[in-house]
Each structure stands twice: as structure tokens, then as C-alpha cells.
Amino acid sequence: MFPSHYYVRDIRIEPNLVLAPMEGVTDLTFRRLVRQIGGTGLTVTEFVASEGLRRGAAKMEEMARFDPDERPVAVQIYGRDPAAMAEAAKIVQDSGAGICDINMGCPSKKVCAHSGGSALLKDPDLAKEIVRAVRAAITIPLTVKMRSGFDASNRNCPDVAWMCQEEGVEAITIHWRTRADLYSGTRAVDKIAEAKQRLRIPVVGNGDIVDFESAARMFRDTGVDGVMVGRGAVKNPWVFLQIGQQMRGEAPMVVTADEKRRVLLGYFQSIRDAFRSDHGSLGRMKKIANYFTHGLPHGSALRVAFLHSQSIEEAVRHTERYFERLAVYETGGGWERDETDPVEEIAASA
Ligand SMILES: Cc1cc2nc3c(=O)[nH]c(=O)nc-3n(C[C@H](O)[C@H](O)[C@H](O)COP(=O)(O)O)c2cc1C
């Protein structure tokens with residue numbers, strides 16, 4: 001009933017569940033975590049500024065890094081200068097990446113101000129020039145990720161996607177939101193369905209997929225070849241396995257509080273190993289903990305505790321304590337409060 005795979009040229013993406021690129025989240029460490037858990041058929045790096053990559057900026061090289069066994073992987077680049085994009089794409093190809101992906105979706109002011117990201121949807125001529133230059137520079141498969149349009153009156157993704165296909169792009173991912181929607185807006189996947197109908201190349205649907213039901217809805221409403229999950233995978237890194245299981249008609253795995261604790265603390269350790277400063281590590285841990293605890297019982301207790309944590313040790317202690325209590329709660333023991341802890345009192349009144 002649901003497709004199980006698609007091809008980007010000769011690269012088989014199976015399962016057809018893709019981890020979205022997310023700047024400041026899906027770095028090498030997070031992608032390792034998701035790949036260890038399993039269930040995703042393709043990972044994508046955070047977006048990498050083409051100008052920086054071309055200059056050899058260490059930060060950009062770091063963002064474009066992937067593990068030798070991370071296969072298939074797409075490295076995503078953004079920018080407005082066709083020559084810089086072409087050079088960056090060549091660097092991506094030379095690094096051994098399987099796929100180069102162009103970002104036409106980023107809504108950030110910083111990126112749009114330079115006509116990159118979703119600003120390209122408003123400037124299809126420049127978008128075409130970029131795709132053409134990149135296509136001519138590399139022989140590996142090329143894909144594009146875009147939003148449905150720039151704003152409600154310009155939802156032109158089917159046209160831009162068609163142009164990309166005619167210029168040699170080999171798969172398209174579409175996030176149903178427009179640039180103007182940022183991260184809100186009312187779900188409208190009609191343009192994804194229209195693009196899928198018109199295009200010969202695979203189309204991947206994206207936006208608010210957090211479980212099997214939302215994935216199934218995207219497949220059903222649009223006929224897409226695959227789905228991409230972003231924030232839902234930070235909240236629940238098991239989401240790909242669970243969606244895949246339910247797509248095959250199996251029961252989804254249940255993840256216990258103990259397993260969540262083990263994975264989150266293990267992940268914190270990889271963040272500490274990867275970051276140079278404690279400040280940087282703590283910042284990233286806070287960000288991940290924020291997503292991870294959304295929807296968990298009393299998750300705000302841990303989010304508040306993180307906000308008040310001055311050191312990594314303190315944050316780790318709060319995390320351990322939270323999951324100990326979650327384990328008790330999950331077995332019907334209620335939520336144990338610790339009134340001697342001032343942070344808990346703040347959380348309880350939050
Ligand atoms: C923190 C964050 C960073 C993001 N960074 C990128 C990026 O680098 N490149 C990109 O194409 N999209 C980026 N996105 C957009 C996501 O890839 C995705 O399209 C969007 O979050 C919608 O999917 P979701 O509802 O499953 O999260 C980012 C989103 C978030 C929340």
C-alpha cells in the first residue's frame with residue numbers, strides 16, 4: 001500500500017524515510033545517533049554555505065563532514081552565486097558524498113538576504129542559473145529541497161521543481177510551508193501533490209511528519225515517493241523505525257523511559273566529545289533536550305531544569321533524575337516531586 005523505496009538515479013533509498021537537514025541539530029553526531037537506531041534510508045547534512053566551503057572555512061568543512069559508512073548521504077549547500085555553488089558542489093563530489101543537495105527552502109533572513117535558500121523561489125531565473133552551473137560541475141546525483149513557495153500568493157514549487165528536473169536534478173523534496181509561513185501556517189500539501197503528478201523524478205514530502213499517521217497522510221494525500229522527517233526525529237529518534245514498522249503492518253516498537261535515558265545521556269556524551277567548549281556542549285544539549293522532552297510526561301520539568309543548569313554536570317544530573325522518575329511514572333507509580341529542589345518548584349509552577 002505504501003511505497004518502500006525510491007531511486008536517486010542508481011542510489012536506492014530504502015526505506016524511503018529521510019532525516020531532514022537541520023542546521024545546529026543534524027551534525028555528524030546526531031546523524032550517527034539516528035543511524036545507530038536505524039530505520040532511515042538517507043541522511044542529509046546541515047546546510048553548508050557555498051562561499052565558505054569554497055574558501056576552505058573550517059566550520060563549513062566540518063558541517064559537510066560525514067562518516068565513511070554513512071551511505072547514502074547527501075551534502076546540502078546553499079548560496080546565490082552560481083560559480084560559488086558550482087565550486088562547492090565539486091568539493092562535495094570530491095569528498096566522496098553520494099548526493100549533492102541544493103537548499104531552496106531556508107527561510108532565515110541571513111540566508112534570504114543573500115538571495116539563497118527560499119529567496120530563490122522568488123527568482124526562478126537565478127535558481128535556474130544555479131542549478132545549471134551545479135549540474136555542469138558534478139557528475140554525482142543532484143537533488144533540491146524547497147518550500148512550496150515564497151508566500152501564499154506565490155506557491156510555485158511545481159514550476160520550480162519542473163525547471164529543476166529539466167536541468168538534470170534527480171529528486172526533489174518539498175516542505176509544504178511557504179517561506180512566509182516560517183514554521184506555522186495551515187497544512188496545505190496540494191502543491192506537493194501537483195509537483196508529484198507533473199514530475200518524472202521522485203518527490204519527497206516534508207512538513208510536520210512526526211509518526212506513522214502523519215507519514216501515511218502525506219503518502220495518501222500527495223502520492224509522494226518518500227517522506228522526510230525533521231523536528232519529529234529530534235523529539236523521537238525512533239520515529240523512522242516506528243513509521244517503517246507500521247507501514248509494513250507491524251506493531252510499532254515501544255521505547256521505555258530507561259532506553260530514552262540511555263540514548264539521551266549517551267548522546268550528551270557524544271556532544272561533549274565533539275564540542276570544544278563546555279559552553280557550546282551545554283547549549284547543544286539544551287537544544288536537543290528541549291525537542292526530546294516535548295510530549296513526554298512532565299517534560300517541562302526537565303526543560304526548566306536545563307534552563308537553570310549552569311554546568312554540564314548539573315544538566316546530566318537533572319536528566320538522570322528526570323528519567324528515574326519517568327520510569328516510576330510509566331509503571332504507574334505517579335510523579336514523585338522533590339520539594340527540596342528549587343528548580344523543581346519552578347518547573348511545577350510553570
Ligand atoms: C533547527 C532547524 C534547522 C533547519 N536547518 C535546515 C537546513 O540546514 N537545511 C534545510 O534544507 N532545511 C532546514 N530546516 C528545515 C527542515 O529540514 C524541514 O524542512 C522543516 O523543519 C520541516 O520539517 P519538520 O516539520 O519535519 O521539522 C531546518 C529546520 C529546523 C527546525
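Numbers here are sequence positions counted from 1. Both backbone and side-chain heavy atoms feed into the values below; hydrogens, waters and symmetry mates do not. Keep in mind that what you see is a predicted model, and the values were worked out from it rather than measured. As the structure lists them, so they are numbered: ligands from 1, and atoms in each ligand from 1.
- The local environment of CD in Q269 is crowded, with over 12 non-hydrogen atoms from other residues, nucleotides or ligands closer than 6.0 Å.
- From the protein, the heavy atom lying nearest to atom 19 (O) of ligand 1 is N206 OD1, 2.6 Å.
- Ring-plane geometry between Y322 and W335 is classed as tilted, the angle between the planes lying from 30 to 60 degrees on a 0 to 90 degree scale.
- Summary of contacts: the protein heavy atom closest to atom 7 (C) of ligand 1 is P21 O, 3.5 Å.
- Scanning all protein heavy atoms for the shortest distance to atom 5 (N) of ligand 1 gives E23 N, 2.8 Å.
- The closest protein non-hydrogen atom to atom 26 (O) of ligand 1 is G230 N, 2.8 Å.
- When side chains are defined from C-beta on, M253 counts as touching Q242, because their heavy atoms get closer than 4.5 Å.
- Polar contact check, F47 against ligand 1: a nitrogen or oxygen pair lies under 3.5 Å apart.
- The backbone N or O of G280 sits less than 3.5 Å from a side-chain atom of S277, completing a donor-acceptor pair.
- Considering both main-chain and side-chain atoms, M228 never comes within under 3.5 Å of ligand 1 through any nitrogen or oxygen pair.
- For ligand 1, the polar-atom distance check against D208 finds a nitrogen or oxygen pair separated by under 3.5 Å.
- Contacts of N103 with ligand 1, taken as heavy-atom pairs under 4.0 Å, involve the side chain alone.
- Checked against the 6.0 Å centroid criterion, the rings of F2 and F212 qualify as a close aromatic pair.
- At the top of the distance list for atom 12 (N) of ligand 1, counting protein heavy atoms only, stands K145 NZ, 3.0 Å.
- Counting the atoms of ligand 1 from 1 in the order shown, those under 4.0 Å from a heavy atom of Y183 are 14 (N), 15 (C), 20 (C), 21 (O), 28 (C), 29 (C), 30 (C).
- Using a 4.0 Å cut-off between charged side-chain N and carboxylate O, E167 and R135 make no salt bridge.
- Residue G207 places a heavy atom under 4.0 Å from ligand 1.
- Few gaps surround CZ on R231; more than 12 heavy atoms of other groups in view lie less than 6.0 Å from it.
- A centroid separation of less than 6.0 Å is found between the aromatic rings of F306 and F268.
- Under a cutoff of 6.0 Å and an axis angle of 45°, K122 and F150 form a cation-pi pair.
- A heavy-atom separation below 4.0 Å is found between Y291 and ligand 1.
- For ligand 1, the polar-atom distance check against Q76 finds a nitrogen or oxygen pair separated by under 3.5 Å.
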